[in-house]
Amino acid sequence: MPHALPHQFERLPTHVVPSHYVLHFKPDLVKCVFDGEVTVDLEVKEPTHRLLFNCVDLELLHIELHLQDGTLFLPSKVTLSCHCETAAVIFASKVPPGICKLSISFRGLLDDGLRGFYRSKYISHDTKEERYCAVTQFEACYAHRCFPCWDEPSIKATFDISLTVPKDRVALSNMPVTHEEELPDGNRLVRFETTPIMSTYLVAMVVGEFDFIEKMTSSGVCVRVYTPVGKQDQGQFALEVAVKVLPYFANCYKISYPLPKMDLVAIGSFSAGAMENWGLITYRETCLLVDPDNTSTQRKQGIALYVAHEMAHQWFGNLVTMGWWTHLWLNEGYATFAEFLCVAELYPEYDMWTQFVTETYSPALRLDALKSSHPIEVPVGHPLEVQEIFDDISYHKGASVIRMLYRYIGTEDFAKGMNLYLSNFQYGNATTDDLWEALEEASNKPISEVMPLWTRQMGYPVVSVRCEVVGNKRKFYLKQSPFRADGASVDPDEPKLWMVPIEFSTASVPNESVHVIVLSTRESTIFIDDVKPTDWIKLNPGSFGFYRVHYSSEMLQMLQPAVSDCSLPPIDRLTLLDDLFALVQAGQCSSDQVLRLLDAMRNESNYIVWSEIAIVLFKFQKLLEYAEDVLPSFMAFGRHMLGQLRQSISWDPIPDESHKDKLLRNVILELLHNFDDDIAREESSRRFEAHANGTATLWPDIRGTVYRAVLSKADTATYEIFLKMYREETLQEEKERISHAFASIENADLLKEVLMFALSDEVRSQSTLSILSAIAQSSKGREIVWTYAKENWNKLHAKYGASVILSHFITASFQHFATEEMADQLEDFFVTNDTRGTARAVQQTIERVRINAAWLKRDLTCIKSFLENFK
């Protein structure tokens, strides 16, 4: 097994509690260091020789403790623990109970590690010089990399923050500026108002060069979007979204936004998409800025979701915070649900709830079927373990089960319960059970009985169903059992059960539920009246329930015509395919069944359904890279699937076309490129040539696809053209579009050059591993990236540490291997190398490779036969 974290870990004791911090920082943006001072008001509850707090990578220069009566305590010893990331200050005599002040001066490094107080490089708008801004990223447990503190989410306090900064730099923190003054040395002192009581991971500071635009919400909160100098127009869309979203959540929760201002800041180098610091939300540039001429429709929609997600946190996470990281999902699962709830209301043309299924619900089902998954509520010991659960379980399964609950108790009672929860625990901490109790009180339904089955048990059920016609009724036989991605048999005596809300729809009423039950036993038989013998029956319409459905062959056959003529609603067409494909990979159905269903979907024209089709086709394509004699036949099948749409899809925008049709265009053109369509490649080359020579501009929605199509057959000269474009580009979205398109190059020698480019200073460190993962999407590129990772693992782990970025790199890069030999090689390598903070990602990747290998071995003959006989 991969390296695990050491067992010993010391949580902070509870007999010394901070209530208020006074913080001052002086960052040096040239030398990239910072000096700091902190004074903490402490309550000592029992006599102690020892103060233990969190601190790492800081030089502690001076420490002293003052009692209320003026008595001064100086430490006799200071002990640092790198493993627990703590500092223990030992005094010769005991500190008595009471109120005291701990003062520490310290020094730290503004490095480029994307955590703590770090530097973000940019090019000056005026002089084109290379400069740095200073930025904080404290979630999960990185505040103590910036200042000594009690860095646990339940240890809340208030904060007075001040900064000494160059006079020509903008200084921001959670609260508005309360005082500024010019200093004799030419710097500027900036003081901010006292914060509300809050957790250390929500403290934030930014120092740099920015422009801003602002607007007041309907309730009078000033919202500002800070952008790189000269790009304030690119913040306009985010500002428009923000001033709608903030009042939406205030009305939703019936609790006003509690801070006097809200800033959204675009940061060049940023590890996550965004961070919900109270009153000062930081974003990666590409997750906040919209260039009207260069930003794609998909990216613009994503920015609306990012803004809504972080603003949902201002209440759910910031106002009420989880007690410990075990309840991280309370923050992230709810905010993910809330972003869709909000954007669906504000931008109904986006059809967000259907997109929720492909972007959130289905990824959660895929991950949670692995043996190496984890419950939503997962015990967390060492803070490094927190990074491993910033994943599709905490975010996506969490959001999916909340959506299921939302459906179960109804909109009104859900809103009442959320208001009750936030009101009861505002400015404090809560657990998952506290949420269930509030929703139960509001709805008078057994939430505390139902929901722990979904949050404390790993996995979810597959509901097998068959039916018989009995007179004018349908008799259904239902059975639930845990679903396993590897198809492993489940002990029939295993006690694991869920309370599964099951809805039924029929051909006569396709968009409504005609019957609803809660399946709480292993098996059940039910009757539904007045359903025609020829009508199809669909379970889980709308995909509100977090489970898969395994239909009998007869029921599946009755559904197939409704897929072909699109009379089955889009969300149900895509989940029918998603469930069947999962069963195929698990060995519970054969691959030819899902290939036949795909063929029945050739007339499909819905963007969301095609997004799911694209996922299934991609997975087959990756698998068959390890069966080179069969791959050409599958490529022909893919082109056949696209035959009708290729004739009708427009490469150019059409006046008044819908949001979803804009998104569909890129999905289809990308598939045509993936399946080596000659006509599409020729059109891409023609359009790129016109774009490169300035006679026509590529529409941003198709630009990435065209770049990939042209680069796939690139020689050195073509590669150099794109490199020149990259180096001259100032919009980060476009730079990412070009750099990720490099990964489609088929020439192995050029791919190695792309890998070295990704590792160079030309690429921001937040993007390096995502480019490497993009290279690894082809079998040739996968081998190149795996060779590099093996030879440089220690360097990668030292640079990225226990980060979500590194975990995602492991999974995205290597999960498409499809041989037992490769699974063994991955396991052998990681068992002897440091995987702290990424061990779960390693386990999941190895498991997926073994599932691929078993699928290929089991179904290759079946796939080959289908493709040979396919007409």
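Everything numeric here is computed off the predicted structure, so don't read it as measured data.
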Colleague: Within a strict 4.5 Å, meaning less than it, do heavy atoms of the Leu202 and Met275 side chains meet?
Modeller: yes
Colleague: Please check if the number of heavy atoms outside Tyr122 that lie under 6.0 Å from its OH is greater than 12.
Modeller: yes
Colleague: What residue pairs, at least two apart or across chains, pass side-chain hydrogen bond (donor to acceptor under 3.5 Å, both in side chains) with a residue in residues 32-42?
Modeller: Asp35-Arg107, Thr39-Ser103, Asp41-Lys101
Colleague: Is the number of heavy atoms from other residues, nucleotides or ligands within 6.0 Å of CG (Asp168) greater than 12?
Modeller: yes
Colleague: So do Gln844 and Gln815 actually touch side chain to side chain, heavy atoms under 4.5 Å?
Modeller: no
Colleague: Which heavy atom in Arg284 sits nearest to a heavy atom in Ala272, and how many Å separate them?
Modeller: NE-O, 3.5 Å
Colleague: If you compare all heavy atoms of Ala312 against all heavy atoms of Ala338, which two are closest, and at what distance to 0.1 Å?
Modeller: CB-CB, 3.8 Å
Colleague: So, for Ser199 and Pro153, which heavy atoms are closest and what is the spacing to 0.1 Å?
Modeller: OG-O, 2.6 Å
Colleague: Are Thr431 and His327 close enough that a side-chain donor and a side-chain acceptor fall under 3.5 Å?
Modeller: no
Colleague: Show the numbers, then the answer: is there a ring-ring contact (aromatic ring centres under 6.0 Å, His included) between Phe814 and Phe809?
Modeller: CA-CA 8 Å; Phe814 308 130; Phe809 163 72; 5.7 Å; yes
Colleague: Do Val378 and Arg840 come within less than 4.5 Å of each other through their side chains, counting heavy atoms only?
Modeller: yes
Colleague: Search all heavy atoms of Ile281 against all heavy atoms of Tyr283 and return the closest pair with its distance.
Modeller: CG2-CE1, 3.1 Å
Colleague: Tyr334 and ring-ring contact (aromatic ring centres under 6.0 Å, His included): which single residue from Phe316, Tyr395, Trp329 fits?
Modeller: Phe316
Colleague: Walk me through whether Trp278 and Phe159 qualify under ring-ring contact (aromatic ring centres under 6.0 Å, His included).
Modeller: CA-CA 12 Å; Trp278 218 354; Phe159 298 83; over 10 Å; no
Colleague: Under 3.5 Å, is there a donor-acceptor pair linking the side chains of His24 and Thr164?
Modeller: yes
Colleague: Please lay out, stage by stage, how Ile771 and Glu736 fare under the test side-chain contact (heavy atoms from CB on, under 4.5 Å).
Modeller: CA-CA 9 Å; Ile771 298 173; Glu736 288 189 8; over 6 Å; no
Colleague: Within a strict 4.5 Å, meaning less than it, do heavy atoms of the Leu769 and Leu796 side chains meet?
Modeller: yes
Colleague: Of Asn318, Asn174, Thr158, which is the lone residue that meets side-chain contact (heavy atoms from CB on, under 4.5 Å) with Met198?
Modeller: Asn174
Colleague: For Glu733 and Thr286, which I'm curious about, is there any donor-acceptor pair between the side chains at under 3.5 Å?
Modeller: no
Colleague: Out of Val225, Val265, Val229, which residue meets the side-chain contact (heavy atoms from CB on, under 4.5 Å) rule with Phe210?
Modeller: Val265
Colleague: In terms of relative ring orientation, are Trp315 and Phe249 parallel, tilted or perpendicular, with 30° and 60° separating the classes?
Modeller: tilted
Colleague: Between His313 and Asn331, is any side-chain donor less than 3.5 angstrom from a side-chain acceptor?
Modeller: no
Colleague: Please check if any side-chain donor atom of Asp160 sits under 3.5 Å from a side-chain acceptor atom of Thr194, or the reverse.
Modeller: yes
Colleague: Roughly how far, to the nearest 0.5 Å, is the OH atom of Tyr226 from the CG atom of Asp263?
Modeller: 4.5 Å
Colleague: Begin from the C-alpha positions of Glu43 and Ser19 and carry the test side-chain contact (heavy atoms from CB on, under 4.5 Å) through to its verdict.
Modeller: CA-CA 8 Å; Glu43 179 187 0; Ser19 60; over 6 Å; no
Colleague: Indicate yes or no: at least one non-hydrogen side-chain atom of Leu114 is less than 4.5 angstrom from one of Arg764.
Modeller: no
Colleague: I'd like to know whether Glu285 forms a salt bridge (charged side-chain N to carboxylate O under 4.0 Å, His left out) with Lys735, so could you lay out the CA-CA distance, the side-chain angles of the two residues, the decisive distance to 0.1 Å, and finally the verdict.
Modeller: CA-CA 12 Å; Glu285 281 184 19; Lys735 290 176 87 72; over 6 Å; no
Colleague: So do Tyr132 and Asp28 actually touch side chain to side chain, heavy atoms under 4.5 Å?
Modeller: no
Colleague: Output the distance between atom CG (Leu42) and atom CZ (Phe53), rounded to the nearest 0.5 Å.
Modeller: 9.5 Å
Colleague: Answer with yes or no whether the side chains of Asp151 and Thr200 bring together a donor and an acceptor at under 3.5 Å.
Modeller: yes
Colleague: Drop me the distance from Ile393's CD1 to Leu367's CG, to the nearest 0.5 angstrom.
Modeller: 4.0 Å
Colleague: Walk me through whether Asp433 and Arg456 qualify under salt bridge (charged side-chain N to carboxylate O under 4.0 Å, His left out).
Modeller: CA-CA 11 Å; Asp433 287 342; Arg456 291 177 184 166; 2.6 Å; yes
Colleague: Flag the pair Pro75 / Phe91 as yes when at least one side-chain heavy-atom distance between them is below 4.5 Å, and no otherwise.
Modeller: yes
Colleague: Compare all side-chain heavy atoms of Arg169 with those of Arg131 and state whether any distance is below 4.5 angstrom.
Modeller: yes
Colleague: Considering all heavy atoms of both residues, which atom of Thr321 and which atom of Lys156 are nearest to each other, and what is their separation?
Modeller: OG1-NZ, 2.9 Å
